[in-house]
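Computed from a predicted structure; not experimentally measured. These numbers come from the heavy atoms of this one structure, side chains and all, not from hydrogens, waters or symmetry mates.
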Amino acid sequence: MPDAAFWAALADPQRRAILALLLESPRPVTEIAEACGLSQPGTSKHLRVLREAGLVVVRVDAQRRVYALDPAPMAALDAWLAPYRQLWSERLDALGRRLDATAAREATPRKD
């Protein structure tokens, strides 16, 4: 199960926006800051939180730091959510069957 740092990192909408950008491709800090409308220092703080939570990795490319999404924590989240997804799938299937039965009853002419 993901730890508290993971959940805290995802709680912030700006960090989620950064993750969405990194889902497209790795990016340097300046590009992330521009795309999110944040200052470079503010972006760096968000990236530090994401890095400490294990959600992103950084590599140095000359004078730039390039950040990329680390898929491993998301895979752990997906595994943790799997039983809940199954529960909702079963419940939605049951709702669909009930709605189909109700629609079928309403479509059948009544014999008065």
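Residues Leu50 and Tyr67 have side chains not in contact (no heavy-atom distance under 4.5 Å, counting atoms from C-beta outward). Met74 has its side chain within reach of Leu19: a pair of non-hydrogen atoms, C-beta onward, lies under 4.5 Å apart. At least one side-chain heavy atom of Asp78 sits under 4.5 Å from a side-chain heavy atom of Arg85.
With rounding to the nearest 0.5 Å, the separation of OG in Ser39 from CD in Glu34 is 12.5 Å. Rounding to the nearest 0.5 Å places CD of Gln14 at 8.0 Å from OG1 of Thr43. Distance check, rounded to the nearest 0.5 Å: CG of Leu69 to CG of Leu21 gives 11.0 Å. With rounding to the nearest 0.5 Å, the separation of CG in Asp93 from CZ in Arg98 is 15.5 Å.
Both Ile18 and Leu77 belong to a single network of hydrophobic side chains, linked directly or stepwise wherever heavy atoms of I, L, V, M, F, W or Y lie under 4.5 Å apart. Side-chain heavy atoms closer than 4.5 Å link hydrophobic residues (I, L, V, M, F, W, Y) into clusters, and following such links, even through other members, never connects Leu23 to Val49. A continuous path of ILVMFWY side-chain contacts below 4.5 Å connects Trp7 to Leu55, so both sit in one hydrophobic cluster. Hydrophobic clustering keeps Tyr84 apart from Leu95 (ILVMFWY residues linked when any side-chain heavy atoms are closer than 4.5 Å, directly or through intermediates).
Heavy-atom minimum distance, Pro83 versus Ala79: CD-O, 3.7 Å. Across Pro26 and Val66, no two heavy atoms sit closer than the pair CB-CG1, 3.9 Å. Nearest heavy-atom pair across Pro73 and Gly54 is CG-O, 2.9 Å.
In this model, a donor atom of one side chain and an acceptor atom of the other lie less than 3.5 Å apart for Ser44 and Gln40.
For CZ of Arg65, the number of neighbouring non-hydrogen atoms (other residues, nucleotides, ligands) closer than 6.0 Å is 12 at most.
Side chain of Arg15 to main chain of Leu10: no donor-acceptor pair is present (N/O by atom type, distance under 3.5 Å, no hydrogens or angles). Between the side chain of Arg27 and the main chain of Ile32, no donor-acceptor pair closer than 3.5 Å is present.
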Open item on the list: side chain to side chain contact (heavy atoms under 4.5 Å, CB included), that's the test. Do Val29 and Leu47 meet it? Break it down for me.
Closed with: CA-CA 8 Å; Val29 177; Leu47 288 166; 3.8 Å; yes

